[in-house]
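Below is one structure, written out as C-alpha coordinates, with a few remarks after it.
For the numbers below, each heavy atom of this structure counts, side chains included, while hydrogens, waters and symmetry mates do not. Naming: A, B, ... by sequence-line order, numbering from 1 per chain.
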There are 2 protein chains.
Amino acid sequence: MVRNSAIRRLPLYYRHILKMQKDGIQYTSARILSELTGVHKTQIRKDIALTGLVGVPRRGHCVNALIKAIAEYLNWNDISSAFLVGAGNLGKALMNFDSFEKSGMKIISAFDVNVHEIGVVINDIEVLPMDKFSDLIKRMHINIGIITTPPEVAQEIADIMVAAGIKGIWNFTYTQLEVPDDIVVESVDLYRGLGVLSMRLGNIDNLSDEE
Amino acid sequence: MVRNSAIRRLPLYYRHILKMQKDGIQYTSARILSELTGVHKTQIRKDIALTGLVGVPRRGHCVNALIKAIAEYLNWNDISSAFLVGAGNLGKALMNFDSFEKSGMKIISAFDVNVHEIGVVINDIEVLPMDKFSDLIKRMHINIGIITTPPEVAQEIADIMVAAGIKGIWNFTYTQLEVPDDIVVESVDLYRGLGVLSMRLGNIDNLSDEE
DNA sequence: TAGATTGTTAATCGATTAACAATC
DNA sequence: TAGATTGTTAATCGATTAACAATC
(Lines give C-alpha, C1' and ligand atoms only; values in the text may rest on other atoms or scores of the structure.)
Protein backbone atom coordinates (compact mmCIF):
# COMPACT_ATOMS: atom_id res chain seq x y z
CA MET A 1 0.00 0.00 0.00
CA VAL A 2 1.44 3.32 -1.10
CA ARG A 3 1.24 6.02 1.51
CA ASN A 4 -0.88 9.09 1.01
CA SER A 5 1.86 11.27 2.46
CA ALA A 6 4.12 10.39 -0.46
CA ILE A 7 1.38 11.03 -2.99
CA ARG A 8 0.78 14.45 -1.46
CA ARG A 9 4.39 15.45 -2.02
CA LEU A 10 4.47 14.60 -5.70
CA PRO A 11 2.34 17.56 -6.87
CA LEU A 12 4.78 19.79 -5.01
CA TYR A 13 7.80 18.47 -6.91
CA TYR A 14 5.75 18.56 -10.08
CA ARG A 15 5.20 22.30 -9.93
CA HIS A 16 8.87 23.03 -9.37
CA ILE A 17 9.91 20.69 -12.18
CA LEU A 18 7.34 22.24 -14.49
CA LYS A 19 8.91 25.61 -13.81
CA MET A 20 12.35 24.18 -14.62
CA GLN A 21 11.02 22.91 -17.95
CA LYS A 22 9.71 26.38 -18.68
CA ASP A 23 13.13 27.81 -17.85
CA GLY A 24 14.78 25.40 -20.27
CA ILE A 25 16.50 23.30 -17.57
CA GLN A 26 17.03 19.73 -18.76
CA TYR A 27 18.24 17.88 -15.68
CA THR A 28 17.47 18.17 -11.99
CA SER A 29 18.45 16.20 -8.89
CA ALA A 30 17.04 15.22 -5.51
CA ARG A 31 19.42 17.74 -3.93
CA ILE A 32 18.03 20.62 -6.00
CA LEU A 33 14.41 19.61 -5.38
CA SER A 34 15.21 19.27 -1.70
CA GLU A 35 16.48 22.84 -1.58
CA LEU A 36 13.38 24.11 -3.39
CA THR A 37 10.80 22.21 -1.37
CA GLY A 38 12.41 21.62 2.01
CA VAL A 39 11.74 17.90 1.71
CA HIS A 40 14.66 15.60 2.61
CA LYS A 41 16.63 14.38 -0.42
CA THR A 42 16.26 10.70 0.47
CA GLN A 43 12.53 11.22 0.75
CA ILE A 44 12.48 12.72 -2.71
CA ARG A 45 14.42 9.77 -4.12
CA LYS A 46 11.94 7.35 -2.61
CA ASP A 47 8.97 9.32 -3.87
CA ILE A 48 10.40 9.45 -7.38
CA ALA A 49 11.12 5.72 -7.18
CA LEU A 50 7.37 5.20 -6.67
CA THR A 51 6.72 6.45 -10.17
CA GLY A 52 9.12 3.82 -11.52
CA LEU A 53 11.45 6.40 -13.06
CA VAL A 54 15.15 5.55 -13.00
CA GLY A 55 17.68 8.34 -12.81
CA VAL A 56 21.21 8.76 -14.06
CA PRO A 57 23.98 8.75 -11.42
CA ARG A 58 25.94 11.99 -11.39
CA ARG A 59 23.40 13.78 -13.59
CA GLY A 60 20.10 13.25 -11.82
CA HIS A 61 16.74 13.02 -13.53
CA CYS A 62 15.65 14.30 -16.93
CA VAL A 63 13.10 17.05 -16.37
CA ASN A 64 10.83 15.95 -19.21
CA ALA A 65 10.86 12.32 -18.08
CA LEU A 66 10.10 13.36 -14.49
CA ILE A 67 7.09 15.40 -15.56
CA LYS A 68 5.79 12.53 -17.61
CA ALA A 69 6.38 9.97 -14.87
CA ILE A 70 4.71 11.98 -12.10
CA ALA A 71 1.72 12.89 -14.26
CA GLU A 72 1.29 9.26 -15.23
CA TYR A 73 1.65 8.01 -11.68
CA LEU A 74 -0.92 10.51 -10.39
CA ASN A 75 -3.18 9.59 -13.29
CA TRP A 76 -3.22 13.21 -14.37
CA ASN A 77 -3.25 12.34 -18.04
CA ASP A 78 -6.69 10.87 -18.36
CA ILE A 79 -8.99 13.54 -17.03
CA SER A 80 -11.90 12.57 -14.81
CA SER A 81 -15.13 14.47 -15.26
CA ALA A 82 -16.63 16.02 -12.16
CA PHE A 83 -20.01 17.38 -11.07
CA LEU A 84 -19.99 20.07 -8.43
CA VAL A 85 -22.87 20.48 -5.99
CA GLY A 86 -23.28 23.82 -4.22
CA ALA A 87 -22.64 26.82 -6.46
CA GLY A 88 -21.96 29.36 -3.73
CA ASN A 89 -18.77 31.37 -3.56
CA LEU A 90 -16.59 28.39 -2.77
CA GLY A 91 -18.12 26.39 -5.59
CA LYS A 92 -17.64 29.29 -7.96
CA ALA A 93 -14.03 29.68 -6.85
CA LEU A 94 -13.37 26.05 -7.79
CA MET A 95 -15.14 26.48 -11.14
CA ASN A 96 -12.70 29.29 -11.91
CA PHE A 97 -9.61 27.14 -11.30
CA ASP A 98 -8.68 26.31 -14.88
CA SER A 99 -5.57 24.44 -13.86
CA PHE A 100 -7.54 21.58 -12.34
CA GLU A 101 -7.60 20.15 -15.83
CA LYS A 102 -3.84 19.78 -15.65
CA SER A 103 -4.38 17.78 -12.47
CA GLY A 104 -6.67 15.15 -13.88
CA MET A 105 -10.05 16.74 -13.25
CA LYS A 106 -12.54 18.80 -15.21
CA ILE A 107 -15.71 20.23 -13.74
CA ILE A 108 -18.45 19.61 -16.31
CA SER A 109 -21.50 21.04 -14.56
CA ALA A 110 -22.52 22.57 -11.27
CA PHE A 111 -25.77 22.07 -9.38
CA ASP A 112 -27.66 24.11 -6.83
CA VAL A 113 -31.05 24.27 -5.20
CA ASN A 114 -31.07 28.08 -5.15
CA VAL A 115 -33.16 29.32 -8.10
CA HIS A 116 -31.11 32.54 -8.28
CA GLU A 117 -27.96 30.58 -9.10
CA ILE A 118 -29.52 28.35 -11.75
CA GLY A 119 -28.55 29.28 -15.28
CA VAL A 120 -25.45 31.17 -14.15
CA VAL A 121 -22.45 30.31 -16.30
CA ILE A 122 -18.97 30.54 -14.81
CA ASN A 123 -15.90 29.73 -16.84
CA ASP A 124 -18.12 27.84 -19.34
CA ILE A 125 -19.64 25.75 -16.55
CA GLU A 126 -23.40 26.09 -16.22
CA VAL A 127 -25.25 25.89 -12.92
CA LEU A 128 -28.17 23.45 -13.25
CA PRO A 129 -31.06 22.67 -10.91
CA MET A 130 -30.27 19.96 -8.39
CA ASP A 131 -33.19 17.77 -9.47
CA LYS A 132 -31.44 17.10 -12.78
CA PHE A 133 -28.35 15.77 -11.02
CA SER A 134 -29.08 12.04 -10.78
CA ASP A 135 -30.44 11.84 -14.27
CA LEU A 136 -27.48 13.59 -15.87
CA ILE A 137 -24.82 11.83 -13.87
CA LYS A 138 -26.08 8.42 -14.97
CA ARG A 139 -26.08 9.42 -18.61
CA MET A 140 -22.61 10.92 -18.60
CA HIS A 141 -19.40 9.25 -17.47
CA ILE A 142 -18.79 11.23 -14.29
CA ASN A 143 -16.25 9.90 -11.79
CA ILE A 144 -15.89 12.69 -9.27
CA GLY A 145 -18.39 14.57 -7.13
CA ILE A 146 -17.42 17.84 -5.47
CA ILE A 147 -19.40 18.95 -2.41
CA THR A 148 -19.36 22.67 -1.65
CA THR A 149 -22.75 22.82 0.05
CA PRO A 150 -23.52 23.79 3.63
CA PRO A 151 -22.33 21.02 5.99
CA GLU A 152 -25.86 20.00 7.01
CA VAL A 153 -26.73 18.59 3.60
CA ALA A 154 -23.32 17.13 2.73
CA GLN A 155 -24.17 13.55 3.75
CA GLU A 156 -27.41 13.65 1.78
CA ILE A 157 -25.56 14.86 -1.33
CA ALA A 158 -22.88 12.21 -0.83
CA ASP A 159 -25.57 9.52 -0.68
CA ILE A 160 -27.07 10.75 -3.95
CA MET A 161 -23.61 10.78 -5.55
CA VAL A 162 -22.80 7.25 -4.43
CA ALA A 163 -26.19 5.99 -5.61
CA ALA A 164 -25.51 7.59 -9.00
CA GLY A 165 -22.27 5.66 -9.35
CA ILE A 166 -19.63 8.23 -8.49
CA LYS A 167 -16.22 6.82 -7.54
CA GLY A 168 -14.55 9.71 -5.74
CA ILE A 169 -15.78 12.62 -3.62
CA TRP A 170 -13.95 15.88 -2.93
CA ASN A 171 -15.62 17.15 0.21
CA PHE A 172 -15.21 20.81 1.19
CA THR A 173 -17.54 20.66 4.20
CA TYR A 174 -16.44 19.59 7.66
CA THR A 175 -19.03 16.82 7.71
CA GLN A 176 -17.44 13.40 8.00
CA LEU A 177 -19.03 11.48 5.18
CA GLU A 178 -20.10 7.88 5.52
CA VAL A 179 -19.67 6.09 2.21
CA PRO A 180 -18.95 2.53 1.06
CA ASP A 181 -15.32 1.38 1.31
CA ASP A 182 -14.69 1.50 -2.43
CA ILE A 183 -15.47 5.21 -2.69
CA VAL A 184 -12.43 7.51 -2.45
CA VAL A 185 -13.07 10.55 -0.26
CA GLU A 186 -10.74 13.51 0.01
CA SER A 187 -11.81 16.13 2.53
CA VAL A 188 -10.70 19.71 2.99
CA ASP A 189 -11.59 20.85 6.49
CA LEU A 190 -10.65 24.51 6.88
CA TYR A 191 -11.30 24.56 10.63
CA ARG A 192 -8.56 22.08 11.33
CA GLY A 193 -5.94 24.39 9.84
CA LEU A 194 -7.50 27.35 11.55
CA GLY A 195 -7.10 25.52 14.85
CA VAL A 196 -3.36 25.20 14.28
CA LEU A 197 -3.03 28.87 13.30
CA SER A 198 -5.04 30.11 16.25
CA MET A 199 -3.31 27.84 18.74
CA ARG A 200 0.20 28.72 17.60
CA LEU A 201 -0.59 32.43 17.59
CA GLY A 202 -1.95 32.14 21.12
CA ASN A 203 1.32 30.64 22.25
CA ILE A 204 3.28 33.54 20.74
CA ASP A 205 1.13 36.04 22.62
CA ASN A 206 1.49 34.11 25.87
CA LEU A 207 5.23 33.89 25.47
CA SER A 208 5.62 37.64 25.00
CA ASP A 209 3.35 38.26 28.00
CA GLU A 210 5.67 36.17 30.12
CA GLU A 211 8.73 38.21 29.27
CA MET B 1 6.67 20.59 21.41
CA VAL B 2 3.04 19.67 20.86
CA ARG B 3 2.36 17.94 17.60
CA ASN B 4 0.32 19.58 14.89
CA SER B 5 -1.45 16.29 14.21
CA ALA B 6 -3.00 16.39 17.67
CA ILE B 7 -4.04 20.00 17.28
CA ARG B 8 -5.74 19.16 13.99
CA ARG B 9 -7.90 16.54 15.66
CA LEU B 10 -9.24 18.79 18.40
CA PRO B 11 -11.57 20.84 16.13
CA LEU B 12 -13.05 17.54 15.01
CA TYR B 13 -13.92 16.46 18.55
CA TYR B 14 -15.08 19.98 19.26
CA ARG B 15 -17.80 19.92 16.63
CA HIS B 16 -19.17 16.59 17.83
CA ILE B 17 -19.12 17.73 21.45
CA LEU B 18 -20.83 20.99 20.49
CA LYS B 19 -23.59 18.95 18.91
CA MET B 20 -23.93 16.91 22.11
CA GLN B 21 -24.30 20.10 24.10
CA LYS B 22 -27.04 21.20 21.73
CA ASP B 23 -28.77 17.84 22.22
CA GLY B 24 -28.64 18.27 25.99
CA ILE B 25 -26.06 15.54 26.60
CA GLN B 26 -24.02 16.24 29.74
CA TYR B 27 -21.29 13.62 29.70
CA THR B 28 -19.30 11.96 26.94
CA SER B 29 -16.38 9.53 26.83
CA ALA B 30 -13.38 8.68 24.68
CA ARG B 31 -15.24 5.58 23.53
CA ILE B 32 -18.20 7.59 22.25
CA LEU B 33 -15.99 10.17 20.55
CA SER B 34 -13.99 7.36 19.02
CA GLU B 35 -17.13 5.88 17.47
CA LEU B 36 -18.16 9.27 16.10
CA THR B 37 -14.79 10.30 14.67
CA GLY B 38 -13.03 7.05 13.92
CA VAL B 39 -10.04 8.19 15.96
CA HIS B 40 -8.60 5.60 18.39
CA LYS B 41 -9.86 6.04 21.97
CA THR B 42 -6.37 6.21 23.48
CA GLN B 43 -5.51 8.92 20.99
CA ILE B 44 -8.54 10.89 22.08
CA ARG B 45 -7.55 10.55 25.74
CA LYS B 46 -4.08 11.86 24.96
CA ASP B 47 -5.43 14.74 22.91
CA ILE B 48 -7.84 15.73 25.68
CA ALA B 49 -5.00 15.46 28.19
CA LEU B 50 -3.19 18.17 26.19
CA THR B 51 -5.87 20.66 27.15
CA GLY B 52 -5.24 19.88 30.82
CA LEU B 53 -8.79 18.70 31.42
CA VAL B 54 -9.20 15.84 33.91
CA GLY B 55 -12.07 13.41 33.47
CA VAL B 56 -14.12 11.35 35.86
CA PRO B 57 -13.52 7.57 35.80
CA ARG B 58 -16.63 5.62 34.89
CA ARG B 59 -18.48 8.76 33.73
CA GLY B 60 -16.12 10.34 31.23
CA HIS B 61 -15.85 14.04 30.56
CA CYS B 62 -18.36 16.80 31.20
CA VAL B 63 -19.45 18.17 27.82
CA ASN B 64 -19.43 21.81 28.94
CA ALA B 65 -15.99 21.50 30.48
CA LEU B 66 -14.64 19.82 27.34
CA ILE B 67 -15.94 22.58 25.11
CA LYS B 68 -14.39 25.19 27.36
CA ALA B 69 -11.06 23.36 27.61
CA ILE B 70 -10.67 22.77 23.87
CA ALA B 71 -11.65 26.34 22.97
CA GLU B 72 -9.17 27.67 25.51
CA TYR B 73 -6.40 25.37 24.36
CA LEU B 74 -6.90 26.34 20.72
CA ASN B 75 -7.07 29.97 21.77
CA TRP B 76 -10.50 30.25 20.19
CA ASN B 77 -11.77 32.59 22.87
CA ASP B 78 -9.76 35.67 22.08
CA ILE B 79 -10.47 36.38 18.48
CA SER B 80 -7.64 37.45 16.19
CA SER B 81 -8.41 40.04 13.59
CA ALA B 82 -7.51 39.20 10.01
CA PHE B 83 -7.01 41.06 6.74
CA LEU B 84 -7.72 39.15 3.57
CA VAL B 85 -5.88 39.91 0.33
CA GLY B 86 -7.46 38.80 -2.93
CA ALA B 87 -11.23 39.31 -3.08
CA GLY B 88 -11.95 36.84 -5.85
CA ASN B 89 -14.40 33.98 -5.45
CA LEU B 90 -12.27 32.12 -2.97
CA GLY B 91 -11.74 35.25 -0.91
CA LYS B 92 -15.45 35.98 -0.99
CA ALA B 93 -16.23 32.43 0.04
CA LEU B 94 -14.06 32.86 3.13
CA MET B 95 -15.67 36.24 3.91
CA ASN B 96 -19.03 34.48 3.97
CA PHE B 97 -17.93 31.90 6.57
CA ASP B 98 -19.46 33.41 9.68
CA SER B 99 -18.38 30.54 11.86
CA PHE B 100 -14.70 31.49 11.65
CA GLU B 101 -15.45 33.81 14.54
CA LYS B 102 -16.17 30.77 16.68
CA SER B 103 -12.73 29.49 15.71
CA GLY B 104 -10.72 32.44 16.89
CA MET B 105 -10.64 34.56 13.75
CA LYS B 106 -12.57 37.47 12.34
CA ILE B 107 -11.96 38.94 8.89
CA ILE B 108 -12.04 42.73 9.32
CA SER B 109 -11.32 43.93 5.79
CA ALA B 110 -10.48 42.59 2.38
CA PHE B 111 -8.09 44.07 -0.17
CA ASP B 112 -7.79 43.79 -3.91
CA VAL B 113 -6.03 45.49 -6.80
CA ASN B 114 -9.00 45.03 -9.13
CA VAL B 115 -10.95 48.33 -9.23
CA HIS B 116 -14.18 46.49 -9.97
CA GLU B 117 -14.02 44.70 -6.63
CA ILE B 118 -13.22 47.77 -4.56
CA GLY B 119 -16.13 49.02 -2.51
CA VAL B 120 -17.92 45.69 -2.67
CA VAL B 121 -19.29 44.70 0.74
CA ILE B 122 -19.71 41.03 1.57
CA ASN B 123 -21.06 39.91 4.90
CA ASP B 124 -20.24 43.36 6.34
CA ILE B 125 -16.65 43.14 5.13
CA GLU B 126 -15.63 45.87 2.71
CA VAL B 127 -13.16 45.37 -0.10
CA LEU B 128 -10.55 48.15 0.01
CA PRO B 129 -7.82 49.11 -2.46
CA MET B 130 -4.56 47.26 -1.90
CA ASP B 131 -2.54 50.46 -1.49
CA LYS B 132 -4.32 51.15 1.81
CA PHE B 133 -3.23 47.79 3.22
CA SER B 134 0.05 48.64 4.94
CA ASP B 135 -1.26 51.85 6.40
CA LEU B 136 -4.38 50.27 7.88
CA ILE B 137 -2.69 47.15 9.17
CA LYS B 138 -0.23 49.18 11.21
CA ARG B 139 -2.97 51.28 12.77
CA MET B 140 -5.20 48.37 13.71
CA HIS B 141 -4.22 45.34 15.76
CA ILE B 142 -4.25 42.72 13.00
CA ASN B 143 -2.62 39.35 13.69
CA ILE B 144 -3.56 37.23 10.71
CA GLY B 145 -3.16 37.72 6.98
CA ILE B 146 -5.13 35.57 4.54
CA ILE B 147 -3.79 35.18 1.01
CA THR B 148 -6.33 34.27 -1.67
CA THR B 149 -4.54 35.92 -4.59
CA PRO B 150 -3.16 34.25 -7.69
CA PRO B 151 -0.06 32.20 -6.77
CA GLU B 152 2.34 34.48 -8.66
CA VAL B 153 1.90 37.38 -6.25
CA ALA B 154 1.57 35.37 -3.03
CA GLN B 155 5.20 35.83 -1.94
CA GLU B 156 5.03 39.57 -2.58
CA ILE B 157 1.86 39.84 -0.46
CA ALA B 158 3.41 37.72 2.27
CA ASP B 159 6.43 40.06 2.35
CA ILE B 160 4.14 43.07 2.75
CA MET B 161 2.24 41.30 5.53
CA VAL B 162 5.39 40.39 7.43
CA ALA B 163 6.76 43.93 7.07
CA ALA B 164 3.47 45.25 8.47
CA GLY B 165 3.83 43.11 11.57
CA ILE B 166 1.50 40.21 10.92
CA LYS B 167 2.10 37.10 13.05
CA GLY B 168 0.27 34.39 11.14
CA ILE B 169 -0.52 33.75 7.48
CA TRP B 170 -3.26 31.54 6.09
CA ASN B 171 -2.09 30.81 2.57
CA PHE B 172 -4.57 29.49 0.00
CA THR B 173 -2.15 29.53 -2.93
CA TYR B 174 0.20 26.69 -3.74
CA THR B 175 3.19 29.02 -3.49
CA GLN B 176 5.58 27.96 -0.74
CA LEU B 177 6.06 31.13 1.22
CA GLU B 178 9.42 32.17 2.63
CA VAL B 179 8.92 34.03 5.89
CA PRO B 180 10.91 34.56 9.11
CA ASP B 181 10.87 31.67 11.60
CA ASP B 182 8.57 33.40 14.06
CA ILE B 183 5.73 33.77 11.55
CA VAL B 184 3.16 30.97 11.65
CA VAL B 185 2.11 29.82 8.19
CA GLU B 186 -0.78 27.48 7.51
CA SER B 187 -1.18 26.53 3.86
CA VAL B 188 -4.09 24.97 2.04
CA ASP B 189 -2.86 23.43 -1.20
CA LEU B 190 -5.81 22.04 -3.13
CA TYR B 191 -3.65 20.30 -5.72
CA ARG B 192 -2.14 17.98 -3.16
CA GLY B 193 -5.52 16.53 -2.28
CA LEU B 194 -6.48 16.40 -5.92
CA GLY B 195 -3.38 14.30 -6.54
CA VAL B 196 -4.55 11.73 -4.02
CA LEU B 197 -8.07 11.65 -5.47
CA SER B 198 -6.86 11.32 -9.04
CA MET B 199 -4.25 8.70 -8.22
CA ARG B 200 -6.60 6.51 -6.18
CA LEU B 201 -9.31 6.74 -8.84
CA GLY B 202 -6.78 5.70 -11.47
CA ASN B 203 -5.96 2.63 -9.44
CA ILE B 204 -9.63 1.67 -9.23
CA ASP B 205 -9.95 1.90 -13.00
CA ASN B 206 -6.80 -0.12 -13.52
CA LEU B 207 -7.93 -2.79 -11.11
CA SER B 208 -11.26 -3.25 -12.86
CA ASP B 209 -9.47 -3.38 -16.23
CA GLU B 210 -7.37 -6.25 -14.94
CA GLU B 211 -10.36 -8.37 -14.02
C1' DT C 1 40.05 8.79 -12.49
C1' DA C 2 37.43 11.64 -9.10
C1' DG C 3 33.33 13.11 -7.59
C1' DA C 4 28.46 13.80 -7.61
C1' DT C 5 24.42 11.49 -7.69
C1' DT C 6 21.44 7.39 -7.59
C1' DG C 7 18.98 3.72 -5.20
C1' DT C 8 18.66 0.88 -1.19
C1' DT C 9 19.34 -0.87 3.38
C1' DA C 10 19.71 0.25 8.22
C1' DA C 11 18.80 3.43 12.04
C1' DT C 12 16.13 6.83 14.10
C1' DC C 13 12.27 9.31 15.18
C1' DG C 14 7.54 10.21 16.08
C1' DA C 15 2.86 8.88 16.09
C1' DT C 16 -0.46 5.37 16.98
C1' DT C 17 -2.20 1.46 19.45
C1' DA C 18 -2.19 -1.99 23.24
C1' DA C 19 -2.04 -3.07 27.99
C1' DC C 20 -3.15 -2.18 32.57
C1' DA C 21 -3.36 -0.13 37.20
C1' DA C 22 -6.17 3.49 39.44
C1' DT C 23 -10.63 5.30 40.36
C1' DC C 24 -15.39 6.41 41.29
C1' DT D 1 -18.93 -4.32 45.25
C1' DA D 2 -18.56 -4.70 40.08
C1' DG D 3 -17.67 -2.59 36.06
C1' DA D 4 -16.79 1.15 32.96
C1' DT D 5 -13.82 4.67 32.21
C1' DT D 6 -9.63 7.43 33.02
C1' DG D 7 -4.72 8.31 32.48
C1' DT D 8 -0.23 6.47 31.69
C1' DT D 9 3.39 3.36 30.43
C1' DA D 10 4.99 0.00 27.11
C1' DA D 11 4.82 -1.94 22.46
C1' DT D 12 4.06 -1.46 17.73
C1' DC D 13 3.83 0.65 13.52
C1' DG D 14 5.03 3.72 9.89
C1' DA D 15 7.46 7.56 8.15
C1' DT D 16 11.68 10.07 7.96
C1' DT D 17 16.61 10.38 7.96
C1' DA D 18 21.35 8.48 7.85
C1' DA D 19 24.73 5.61 5.79
C1' DC D 20 26.81 3.61 1.97
C1' DA D 21 27.76 0.75 -2.13
C1' DA D 22 26.96 1.25 -7.15
C1' DT D 23 27.38 4.00 -11.17
C1' DC D 24 28.45 7.10 -14.89
Angle class for the B:Tyr191/B:Tyr174 ring planes (parallel below 30°, perpendicular above 60°, tilted otherwise)?
perpendicular
Atom NZ of A:Lys46 and atom P of D:dT16: how far apart are they, to the nearest Å?
10 Å
How long is the straight-line distance from CD1 of A:Ile137 back to CD1 of A:Ile108, given to the nearest 0.5 Å?
11.0 Å
Could you state the interatomic distance from NZ (A:Lys68) to OG1 (A:Thr51), rounded to the nearest 0.5 Å?
11.0 Å
Separation of D:dT17 C1' from A:Asp47 CG (nearest whole Å):
13 Å
Would you please confirm or rule out a distance under 4.0 Å between OP1 or OP2 of C:dT5 and any side-chain N or O of A:Arg31?
yes
Measure the distance from NE2 on B:His40 to P on C:dT16 and round it to the nearest whole Å.
11 Å
d(CG, B:Leu53; P, D:dG7) in whole Å
8 Å
Dot-bracket for DNA chain D, 5' to 3', with Watson-Crick and G-U pairs under 3.5 Å, [ ] for crossing pairs and | for other-strand pairs: what is it?
..||||||||||||||||||||||
Is there a side-chain contact between B:Arg59 and the phosphate of D:dA4, meaning an N or O under 4.0 Å from OP1 or OP2?
no
Nearest-Å distance for atom pair CD1/P, residues B:Ile44 and D:dT8
17 Å
To the nearest 0.5 Å, tell me how far B:Glu186 CD sits from A:Leu194 CG.
8.5 Å
In whole Å, I'd like the distance from the CZ atom of A:Arg8 to the C1' atom of D:dA15.
15 Å
B:Pro57, nearest nucleotide to its side chain (from C:dT23, C:dT6, C:dT8)
C:dT23
Roughly how far, to the nearest 0.5 Å, is CD1 of A:Ile157 from CD1 of A:Ile160?
4.5 Å
Matching residue for A:Glu117 among A:Val127, A:Ile122, A:Leu128 - test: side-chain contact (heavy atoms from CB on, under 4.5 Å)
A:Val127
Verify the contact: side-chain N or O of B:His61 to OP1 or OP2 of D:dA4, cut-off strictly under 4.0 Å; return yes or no.
no
Is any side-chain nitrogen or oxygen of A:Arg9 closer than 4.0 Å to OP1 or OP2 of D:dT16?
yes
Counting only side-chain N and O atoms of A:Arg45, is one of them less than 4.0 Å from OP1 or OP2 of C:dG7?
no
Distance from A:Leu66 atom CG to A:Ile48 atom CD1, nearest 0.5 Å?
5.0 Å
Select base, sugar-phosphate, or nothing to describe what A:Ala30 touches, counting heavy atoms under 4.0 Å on all strands.
sugar-phosphate
When rounded to whole Å, the CG to C1' distance for the pair A:Leu50 and D:dG14 reads 14 Å
For the side chain of B:Ser29, counting heavy atoms from C-beta on, which of C:dT6, C:dT16, D:dT5 is nearest?
D:dT5
Between B:Ile48 and A:Thr42, just flag the one whose closest nucleotide in DNA chain D comes earlier from the 5' side.
B:Ile48
Starting at CG of B:Leu66 and ending at P of D:dT5, how long is that distance when rounded to a whole Å?
15 Å
